[in-house]
Amino acid sequence: MGRLTSGTDAYRDAVSSALIGWGLAGLRELPWRTTSDPWSILVSEVMLQQTSVSRVLPKYADFIGRFPDPAALAAAPLGEALELWRGLGYPRRCRNLRDAATLICDSHGGVVPSTLGALLALPGVGAYTARAVLAFAHRADVAVVDTNVSRVLSRLDNRSMTARELQETADSLVPRGMGWEWNQMIMDLGARICTARGPMCGRCPLAGTCAWRGLGDDPARSSAGASRPQGRFEGSDRQARGRAMRAVSAAGVPRREVVAAMGVEPERAERLIAALVAEGLMVERGDSVAAP
DNA sequence: AAATCGGGGCG
DNA sequence: CGCCCAGATTT
């Protein structure tokens, strides 16, 4: 039998049954998969934005333990949250999460909203994270499109896809009543089998319905959601910013010490510190710099 | 559409 | 050493 045409009911059913047969038994055991608390889900999803599962694992429980609900995070100084965030990278995510917690307390009675529109209005919450809360906390039949799903779907159809195409295709594939399971499984497939480098097509449950199968140019590389080449980290602004974040403390640190810790020319260090202050990730106190 | 934003781990 | 990671926001 030939490969089924994408977009048809038969295609959807074939993909569904094959993936469900593969995935339900062997899902990775992850702490955010054993809760339906929307706040816990939201925290995990923000942590997982561009940060691998293995790096989030040791941080997640500590953060939830200290900030078990939006009110706890909203009430804490940002600097305290940033301490628990240290090592995850992209600290603006932590600031956004705290701003989101404040908005949740001020406008939603302290309860994480459960509509797509209200979730998208939270700072740091985009198309992926909003739907992840709906699917994983509320078991809604909406599809999440992360880097894994983008890769799997574009390879299945062997073509580069836009963000809109990916979302529409993903939504059309979710089996009714199985939003939670479906999204977890297709992400696991991308993380464990249909990987960015060295995909293991030989043990892929969807190989029979895949138009790519590892042959020829990888359509995932040019699809929306694919990782784009980055500049060198060594010597970058990002590295210097990271060093600055580690150098400051709640008590405050003399400016020159922070500049020295950053390992770049003083003029450049000062410019980066000014940006960090403007972003609310640190504050100036007289001649020193402190955690916010 | 392209740039920016951390940091670590793996092939 | 290059590439990638459960993205979002700004330009």
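Protein chains get the first letters and strands the later ones, always in sequence-line order, with residue 1 at the start of each.
Residue A191(A) is classed as having no contact, given no heavy-atom separation below 4.0 Å to the nucleic acid. Counting any heavy atom pair closer than 4.0 Å across all strands shown, R221(A) reaches no nucleic acid atom. Among the protein residues, A196(A) comes within range of the sugar-phosphate backbone only, with heavy atoms under 4.0 Å from sugar or phosphate atoms but none that close to a base. Here G89(A) lies in heavy-atom contact (under 4.0 Å) with a base. Nucleic acid contact for P229(A): none, since no nucleic acid atom lies under 4.0 Å from a heavy atom of the residue. Looking at heavy-atom distances under 4.0 Å, V46(A) makes no contact with the nucleic acid at all. Within the nucleic acid shown, R95(A) has no heavy atom closer than 4.0 Å to any nucleic acid atom.
Comparing R238(A) and N96(A), the nucleotide of DNA chain C nearest to each residue sits closer to the 5' end for R238(A). Between R197(A) and G87(A), the residue whose closest nucleotide on DNA chain B is further toward the 5' end is G87(A). Nearest-nucleotide mapping onto DNA chain C: of E45(A) and L120(A), the residue sitting toward the 5' end is E45(A).
The distance from atom CD of E234(A) to atom P of dC3(C) is 17 Å, rounded to the nearest whole Å. Across the protein-nucleic acid pair, L57(A) atom CG and dG8(B) atom C1' stand 14 Å apart, rounded to whole Å. Atom C1' of nucleotide dG6(B) and atom CE of M262(A) are separated by 13 Å, given to the nearest angstrom. A straight line from CZ of R28(A) to C1' of dC5(C) spans 11 Å, rounded to a whole angstrom. Put simply, CE on M47(A) is 16 Å from P on dA8(C), counting in whole angstrom units. With rounding to whole Å, R192(A) atom CZ is found 17 Å from dC10(B) atom P. Computed from coordinates, the M187(A) CE to dC5(C) P distance equals 13 Å when rounded to whole Å. If you take CZ of R92(A) and C1' of dG7(B), they are 15 Å apart, rounded to a whole angstrom.
D171(A) and Q167(A) form a side-chain donor-acceptor contact under 3.5 Å, judged by distance and modelled atom types alone. In this model, a donor atom of one side chain and an acceptor atom of the other lie less than 3.5 Å apart for N148(A) and R151(A). Between the side chains of Q49(A) and R93(A), no donor N or O sits under 3.5 Å from an acceptor N or O.
Distances shorter than 4.0 Å separate some side-chain N or O of T147(A) from OP1 or OP2 on dC5(C). Remark: R55(A) is not in phosphate contact with dG6(B), judged by side-chain N or O atoms under 4.0 Å from OP1 or OP2. Not one side-chain nitrogen or oxygen of T51(A) sits closer than 4.0 Å to the OP1 or OP2 atom of dC5(C). In terms of phosphate contacts, T129(A) brings a side-chain nitrogen or oxygen within less than 4.0 Å of OP1 or OP2 of dA8(C). At least one side-chain nitrogen or oxygen of S227(A) sits closer than 4.0 Å to the OP1 or OP2 atom of dC4(C). Taking only side-chain nitrogens and oxygens, Q50(A) comes nearer than 4.0 Å to OP1 or OP2 of dG7(C).
Distances from the side chain of P91(A) to the nucleotides dG7(C), dG6(B), dA6(C) place dG6(B) closest. Across dG7(C), dA6(C), dG7(B), the shortest atom-to-atom separation from the side chain of L30(A) is found for dA6(C). Taking only side-chain atoms of R228(A), from C-beta outward, the nucleotide of dC5(B), dA2(B), dC5(C) with the closest atom is dA2(B). Minimum atom distance to the side chain of R241(A) is reached by dC5(B), of the listed dG7(C), dG7(B), dC5(B). Listed nucleotides dG6(B), dG7(C), dC5(C) differ in distance to R151(A); the shortest reach to its side chain belongs to dC5(C). The side chain of Q49(A) has dA8(C) as its nearest neighbour among dG6(B), dG8(B), dA8(C).
One C1' atom belongs to dA3(B), the other to dA6(C), and the distance between them is 22 Å to the nearest Å. Annotation: dT11(C) and dG6(B) have their P atoms spaced 15 Å apart (nearest Å). Taking atom P on both dC1(C) and dC5(B), the two are 23 Å apart, rounded to the nearest angstrom.
Using a 4.0 Å cut-off between a side-chain N of Lys or Arg and a carboxylate O of Asp or Glu, R246(A) and E83(A) do not qualify as a salt bridge. At a threshold of 4.0 Å, the pair D188(A)-R33(A) counts as salt-bridged, since one of the basic side-chain nitrogens sits closer than that to a carboxylate oxygen. With respect to D9(A) and R12(A), a salt bridge is recorded, a charged nitrogen being found less than 4.0 Å from a carboxylate O.
Taking the side chain as every heavy atom from C-beta outward, I186(A) and L153(A) approach each other to under 4.5 Å.
D141(A) places a side-chain N or O within donor-acceptor distance of the main-chain N or O of G177(A), the cut-off being under 3.5 Å.
A donor-acceptor contact under 3.5 Å is not formed by the side chain of S54(A) with the base of dG8(B).
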